[in-house]
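Data block below; observations after.
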Amino acid sequence: MSDPLATTVRRAVWADWWTRLSALTVLLMIGLALAADLLVSLEGQSLRPDTSVLGPTGLPAEGPSADHWFGVEPLTGIDLFALVVHGARTSLLIGLAATVVAVLLGLLIGASAGYLGGWWDRIVGWTTDVIFGFPYLIFLIALSAVTPPSVPKPLLLVIVLGFFGWPRIARVVRAQTLTLTQRKFVAAARVMGAGPWHVFRTELLPNLWAPVIVVSTLSIPSMIGLEAALSFLGVGIQPPTASWGRTISTAIDYVEVDPLYLIFPGAALFLVTLGFNVVGDSVRDAIDPRSAGRI
Amino acid sequence: MRLLRFAAVRLAGMLLVLLVVTLISYLVFFLLPADPARLACGRPCSPEGLANARLFMGVDVPWYQQFWNFLYGIVAGRTFGTGAAAITCAAPCLGYSFQDNVDVLTLIGERVEVSFSVAIGAAVLWLIIGVGLGVLSALKRGSAVDRITMAGAIAGVSMPAYLAGILGITVFAFWLDVVPKGGYTPIAENPLDWAWHLVLPWFVLAFLHAALYARLTRGQMLETLGEDYIRTARAKGLPEKKVIGKHALRNVLLPVITLLGIDLGSLLAGTVITERIFGMAGVGKLLVDATAQLNLPVLLGVTLFSAFLITFANFLVDLCYGALDPRARLL
């Protein structure tokens, strides 16, 4: 990453109190996810069910307390704070990993399509059309139903979400590569006999970071949202792995009697998505002022 | 004439995309993990029973032949089995659910009204609110309206539909008790009741999307108002209403339509979540139930149906583009 770009990004993130607050929220969530085990053991709890904290009807005997910072889950008595911080770990891991897959694919495919052109460019453009026509949410739901249980769900989600995510990134990268290819320094490298891989690494890549940073920051929250949506529908992350989407899905049945059960994971999901979106939005405005006002 | 040619080329492209989507979905659902005949055969499943089920369902032939039969069924209909037990599935046959003894398209047809009512009503609502607000905030660049729509757009994008839906139900259906808590009445039965049940889903979805459209409209409007042809229109003495409402808006609507095409396609395909929240039995419910029962023909049929809706929405967007912007007609 070139230095001026890093400065631009840093300035954009620290521009105003609203973006600063969002960036801090994201950092806080990352901290929670990293220190999940430590925090939960500090609290003195775990992800294990514990029916002794439940009342006779299966509802929590009491709300948040010194023992259970966020209260407990109805019916199972699992500590809600543990569920939320471990859910942060699941969400962020899947969001980041799927974005990395999508960015790597998008960068390689988009840059090669823009630089090489010809039949490869046409195939890429056409594949992009097909993927955009794919009802990926429906397809993901159906796919998780037919994949054998031996395939780990997080891995499946990362691969499939990454696969459906690359065309968006490839489109941006391709457009940028097309303009870069017209520039003198790329032509010079070419004339001096540099191969495509060399041109990609030393000439194109340094100039592609800016759009890639923007699309990846905005891709993380949508990946997190998709994972949560799938888990919400019961076809994403399976128990005992914690997931905000799944917790929200069960919490809906208790919203009248135990609203806190919905509020904690719901707020966490909303805040982390909002944080990433606000930061990504202001980074994009800083890098590409023409884009102001679009999401 | 040129518009007609443009439409024909786009239509061919759409059919090609659908063909590939069908091929991929078919391969994934029917060949990779599970044996549809074994799933339909039940337990205990004797070897003869399994062979019979295979023969009956037409999965005893190689995959390319199965795929061909499937495509042929979409165009001309197909028959499963022979003799008295034969089942005919009229064209366009998207498959046959052996678990419910009815063809997949009928299953979808019974439920599609719900999904369409939710999606189209919401889209109309957010389009009116969004574009209206956007034009307003572009013309009166008051920072209060401006900042609220900006913040609202990001919040709307970040809020999962199910969270917004649950909040809406809790506040408006449980606390205030002004709207129904869920369910659906067909429009033919009682149009008032139909709209009454849909008010909350419409407003929730509109709330999530409208601000984004307002933001897009505003940005595009500001850009357009700086163009030469707007200055010309003003210079030749056109009333401001006409300059904004006719000349500028036409240009502003282009990106809005693109976004609408994407959103409408994914909204129709993504009613799974809305339906789950508001307790409506639409196409999404059909899919979720099929997942639980591993009903492969239904899974495939719903996937293809949604792919059709998405590509069709994109096709309509292209047509609107062609109609609004003469440049787009040049291929």
Side-chain angles (χ1 to χ4, degrees), chain A residues 18 22 126-127 129-139 141-148 151 218 221-222 224-226 228-230 232-235 244-245 248-249 251-252 255-256 259 262-263 265-267 269-278 280-282 290-295, chain B residues 13-14 16-18 20-21 24-25 28-29 32-34 150-151 153-155 157-163 166-167 169-170 174 212 215-216 218-220 222-223 255 262 265-266 268-270 272-273 276-277 284 287-288 290-292 294 296 299-300 302-307 309-311 314:
Chain A
W18 176 233
S22 305
W126 199 67
T127 316
D129 280 351
V130 171
I131 295 184
F132 280 139
F134 231 93
Y136 58 84
L137 187 64
I138 303 266
F139 184 74
I141 294 169
L143 190 66
S144 1
V146 292
T147 34
V151 180
L218 289 171
S222 69
I224 289 180
L226 272 174
L230 288 169
F232 173 81
L233 291 168
V235 291
W244 289 338
I248 291 170
S249 168
I252 279 176
V255 67
E256 269 183 294
L262 178 70
I263 287 171
L269 176 60
F270 175 64
L271 285 178
V272 78
T273 322
L274 184 70
F276 272 113
N277 273 329
V278 170
D281 199 50
S282 76
R290 253 185 62 88
S291 73
R294 281 175 210 167
I295 280 192
Chain B
M14 171 185 145
L16 213 59
V17 166
L18 274 180
V20 177
V21 171
I24 296 172
S25 315
V28 169
F29 291 146
L32 291 179
M150 288 289 231
I154 296 191
V157 169
S158 310
M159 185 75 135
Y162 44 92
L163 265 186
I166 267 305
L167 282 178
I169 290 183
T170 313
F174 283 106
L212 183 61
R215 218 180 135 169
L216 184 66
R218 176 188 173 277
Q220 187 73 11
L222 287 176
E223 204 170 295
I262 297 170
S266 59
L268 285 169
V272 194
I273 288 169
R276 156 107 212 258
I277 290 287
L287 180 78
V288 172
T291 330
L294 264 184
L296 291 174
L299 291 181
L300 182 66
V302 173
T303 307
L304 293 187
F305 181 71
S306 325
L309 292 180
I310 290 180
T311 40
N314 286 341

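What you are looking at is a predicted structure, and each value in this text was computed from that prediction instead of being measured. Below, chain A is the first sequence line, B the second, and so on; all start at residue 1.
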Original post:
Based on non-hydrogen pairs under 4.5 Å, which of A:Gly275, A:Ala228, A:Gly245, A:Gly225 is most in contact with chain B?
Top reply: A:Ala228
Subject >> Option in A:Leu233, A:Asp129, A:Ile131, A:Val278 with maximal non-hydrogen atom pairs under 4.5 Å from chain B >> reply: A:Leu233
Original post:
Is it the side chain or the backbone of A:Ser222 that comes within 4.5 Å of chain B heavy atoms, both, or neither?
Top reply: neither
Subject >> Closest approach of B:Ser158 to A:Leu274 (non-hydrogen atoms, all atoms of both residues) >> reply: OG-CA, 3.3 Å
**OP:** Assess whether side chain to side chain contact (heavy atoms under 4.5 Å, CB included) is satisfied between A:Phe232 and B:Leu163, documenting all intermediate values.
**Re:** CA-CA 10 Å; A:Phe232 173 81; B:Leu163 265 186; over 6 Å; no
**OP:** Please round to the nearest 0.5 Å and tell me the distance separating atom CD1 of A:Ile252 and atom OG1 of B:Thr170.
**Re:** 8.5 Å
**OP:** May I ask you to test the A:Val130-B:Leu16 pair for a side-chain heavy-atom distance under 4.5 Å?
**Re:** no
Original post:
Under a 4.5 Å heavy-atom cut-off, does chain A meet the side chain of B:Leu222, its backbone, both or neither?
Top reply: neither
**OP:** Against chain B, label A:Ile248 side chain, backbone, both or neither, depending on which of its atoms sit under 4.5 Å from a heavy atom there.
**Re:** side chain
Original post:
Where on B:Thr291 is there a heavy atom nearer than 4.5 Å to chain A: the side chain, the backbone, both, or neither?
Top reply: both
**OP:** Measure A:Ile224 against the heavy atoms of chain B and call it side chain, backbone, both or neither at under 4.5 Å.
**Re:** neither
Original post:
About how many Å separate CG of A:Leu269 and OH of B:Tyr162, when rounded to the nearest 0.5 Å?
Top reply: 5.0 Å
**OP:** Could you point out which residue of B:Val272, B:Leu304, B:Ile310, B:Leu299 forms a side chain to side chain contact (heavy atoms under 4.5 Å, CB included) with A:Ile138?
**Re:** B:Val272
**OP:** Measure the spacing between CD1 of B:Ile273 and CG of A:Leu230 and express it to the nearest 0.5 Å.
**Re:** 7.5 Å
Subject >> Proximity breakdown for A:Val235 and chain B, heavy-atom pairs closer than 4.5 Å >> reply: side chain
